[in-house]
Amino acid sequence: MNSVNWLIRMLLVFFLPYFSFSADTITLDNSIQDNNDQVIVSAGNIFALGFFSPGSSTNRYVGIWYYQIPVKTVVWVANRDNPINDSSGILRIDAGGNLALFQGNQTLPVWSTNISIAGSGSTFAQILDSGNLVFIQKNNGNAVLWQSFGYPTNTWLSYMKVGFNLRTGLNQAYTSWKSSDDPGVGNISFRMNPGVSPQLVLYKGSIPVWRSGTWTGKMWSGLPEMSRNFLINVSFVDTDDELSFSSDWKDSSLIARYVTNETGVTQRILWNNASQSWIISYSIPNDQCDFYGHCGPNGYCNPYLAQESRRDAGMLH
Ligand SMILES: *[C@@H]1O[C@H](CO)[C@@H](O)[C@H](O)[C@H]1NC(C)=O
Ligand SMILES: *[C@@H]1O[C@H](CO)[C@@H](O)[C@H](O)[C@H]1NC(C)=O
Ligand SMILES: *[C@@H]1O[C@H](CO)[C@@H](O)[C@H](O)[C@H]1NC(C)=O
Ligand SMILES: *[C@@H]1O[C@H](CO)[C@@H](O)[C@H](O)[C@H]1NC(C)=O
Ligand SMILES: *[C@@H]1O[C@H](CO)[C@@H](O)[C@H](O)[C@H]1NC(C)=O
Ligand SMILES: *[C@@H]1O[C@H](CO)[C@@H](O)[C@H](O)[C@H]1NC(C)=O
Ligand SMILES: *[C@@H]1O[C@H](CO)[C@@H](O)[C@H](O)[C@H]1NC(C)=O
């Protein structure tokens, strides 16, 4: 063996894993298959994407969950209304360049990013430490063509938006699962109501059960606790292109999510490392006064007295 061959062989031995396989991406050459238990994991080991069965169901779904948290906690579901009934699922880049989920060898996908892809740049999907699954076109400035944060299910994570992309018409709303066994679109939703004075609204079916009040420039008027809030960064955008609200935790080590639950509430849930369990730290509607219409237009109601006593009130948003 001459020295050039030897060098090439040694380089391959050491670097081949890095060239042929990237643990956080799905590419034309790197799909994930349910029957091989394959997942992709974000660079910092925060989130994983793979196949799962919710609760006591045996149906298979593609979802995103916290990689290091021992209690399997799904934050996003791809095929939420189109389960796969066996373990033949495969998530791959399809012939048209989309990220698509197939049952076995079937030709029609059960789920797809389903966008028209122009140009010659090949596409790949990558799971990020924020929990966002981004679908990117190479050789096109690495343009993000699609992202899971644009299509929320029941979980609102830091940096995710609630509201409208007014250019594309995309409504980023949060909808409950049907039950713990069925991540299909349920009838509880948490959304931005547009109009002259945009508000966040929690709906049961088409009936509003809670409203945030209007945006004052710093906070939602129905959530005065936010005025004391130094733990989160908030972002309210009201432009020709976008009407949205989002937030993130200044202490990035906090593991927190907001879940719109099929029982009719949106809850803030924090990971407690000491007890290795999730703790519900806030809930809307959080008392009777919060129920929209409960107090009537002239009714007297002071929900804040109750909230003052909450030790975590200052963390509310
Ligand atoms: C599983 O799904 C496939 C494809 O939708 C369908 O043809 C088949 O009948 C289903 N099997 C069962 C046991 O429901
Ligand atoms: C898909 O097709 C290949 C080749 O025909 C076959 O070997 C394989 O078992 C099929 N897979 C499934 C899940 O049907
Ligand atoms: C893709 O989009 C088209 C048009 O909106 C729709 O008819 C089709 O069902 C979608 N396919 C998938 C797999 O989502
Ligand atoms: C909704 O809340 C109930 C009661 O706390 C819980 O058992 C259930 O798992 C929650 N559903 C989801 C999808 O998290
Ligand atoms: C929501 O769904 C549940 C179960 O499917 C049903 O009992 C309830 O009436 C629905 N509520 C509304 C407001 O649609
Ligand atoms: C909070 O927002 C400010 C202003 O936009 C920014 O400078 C800062 O980096 C943000 N902090 C975090 C933790 O996101
Ligand atoms: C979580 O708790 C374990 C012990 O229960 C401890 O070893 C670990 O350092 C803690 N992690 C953090 C981030 O506090």
Side-chain angles (χ1 to χ4, degrees), residues 44-46 52-57 59 61-84 89-104 106-117 123 125 129 131 133 135 145-146 148 150-157 168-171 174-190 202 204 209 249 251-286:
N45 291 333
I46 311 294
F52 76 102
S53 290
S56 56
S57 170
N59 282 333
Y61 297 85
V62 163
I64 296 172
W65 58 85
Y66 294 91
Y67 184 60
Q68 289 167 316
I69 286 179
V71 185
K72 181 81 151 281
T73 306
V74 171
V75 299
W76 184 79
V77 185
N79 54 320
R80 57 186 305 196
D81 282 305
N82 296 303
I84 293 178
I90 172 164
L91 182 65
R92 60 177 170 83
I93 304 297
D94 73 8
N98 274 287
L99 178 67
L101 174 62
F102 293 88
Q103 177 162 12
Q106 290 187 13
T107 49
L108 287 177
V110 298
W111 174 87
S112 165
T113 48
N114 208 8
I115 48 180
S116 67
I117 298 164
T123 52
D129 282 335
L133 176 68
F135 180 60
L145 304 182
W146 178 98
S148 62
Y151 300 83
T153 58
N154 70 343
T155 304
W156 187 19
L157 298 172
T168 61
L170 201 61
N171 181 1
Y174 296 78
T175 48
S176 67
W177 288 17
K178 286 186 166 134
S179 73
S180 304
D181 299 336
D182 184 352
V185 175
N187 59 14
I188 309 298
S189 63
F190 182 79
L202 182 68
K204 192 166 195 172
V209 293
W249 296 87
D251 176 357
S252 59
S253 71
L254 263 177
I255 300 174
R257 61 199 165 98
Y258 291 80
V259 177
T260 296
N261 186 289
E262 59 274 14
T263 56
V265 292
T266 292
Q267 295 171 320
R268 183 182 59 208
I269 307 175
L270 303 176
W271 179 250
N272 184 308
N273 184 53
S275 66
Q276 292 285 293
S277 63
W278 290 105
I279 311 275
I280 295 168
S281 79
Y282 196 79
S283 197
I284 56 169
N286 70 340

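Ligands are counted one by one from 1 in listed order, and the atoms in each one are counted from 1 as well. Note that the numbering runs from 1 along the sequence shown for the chain. Small disclaimer: the values here were computed from a predicted structure and weren't measured.
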Heavy-atom protein neighbour under 4.0 angstrom from atom 9 (O) of ligand 3: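 Under the 4.0 Å cut-off, atom 9 (O) of ligand 3 has no protein heavy-atom neighbours at all.
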I'd like to check atom 14 (O) of ligand 3 in this structure: does the protein have a heavy atom lying under 4.0 Å from it?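 So far as the 4.0 Å threshold goes, atom 14 (O) of ligand 3 is in reach of a protein heavy atom.
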Going by atom types only, do [X] and [Y] share a side-chain donor-acceptor pair under 3.5 Å?
X    : Y    : answer
S56  : D181 : yes
S189 : T175 : no
S176 : N154 : no
R80  : T153 : no

Checking a contact table here: which protein heavy atom is nearest atom 11 (N) of ligand 3, and how many Å away?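 Nearest neighbour among protein heavy atoms for atom 11 (N) of ligand 3, to 0.1 Å: N114 ND2, 2.9 Å.
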With R92 as the cation and F102 as the aromatic partner, state whether NZ or CZ is under 6.0 Å from the six-membered ring centre and within 45° of the axis.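 Verdict for F102: a cation-pi partner in R92.
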Identify whether NZ of Lys or CZ of Arg in R257 sits under 6.0 Å from the centre of the six-membered ring of W278 and within 45° of that ring's axis.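 Yes, R257 and W278 form such a contact.
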On a heavy-atom basis, I'd like to know which of N261, N154, T73, V265 is closest to atom 3 (C) of ligand 4.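 Of the listed residues, N261 has the closest heavy atom.
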Before signing off on this row, confirm whether Q267 and ligand 4 have an N or O atom pair separated by under 3.5 Å.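 It does not: no N or O of Q267 is found under 3.5 Å from an N or O of ligand 4.
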Purely on distance, is any nitrogen or oxygen of N273 under 3.5 Å from one on ligand 7?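 Yes: some nitrogen or oxygen of N273 is under 3.5 Å from one in ligand 7.
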Check each atom of ligand 4 against the heavy atoms of S180 and keep those under 4.0 Å away; list them by number with element.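 Those qualifying, in numeric order: 8 (C), 9 (O), 11 (N).
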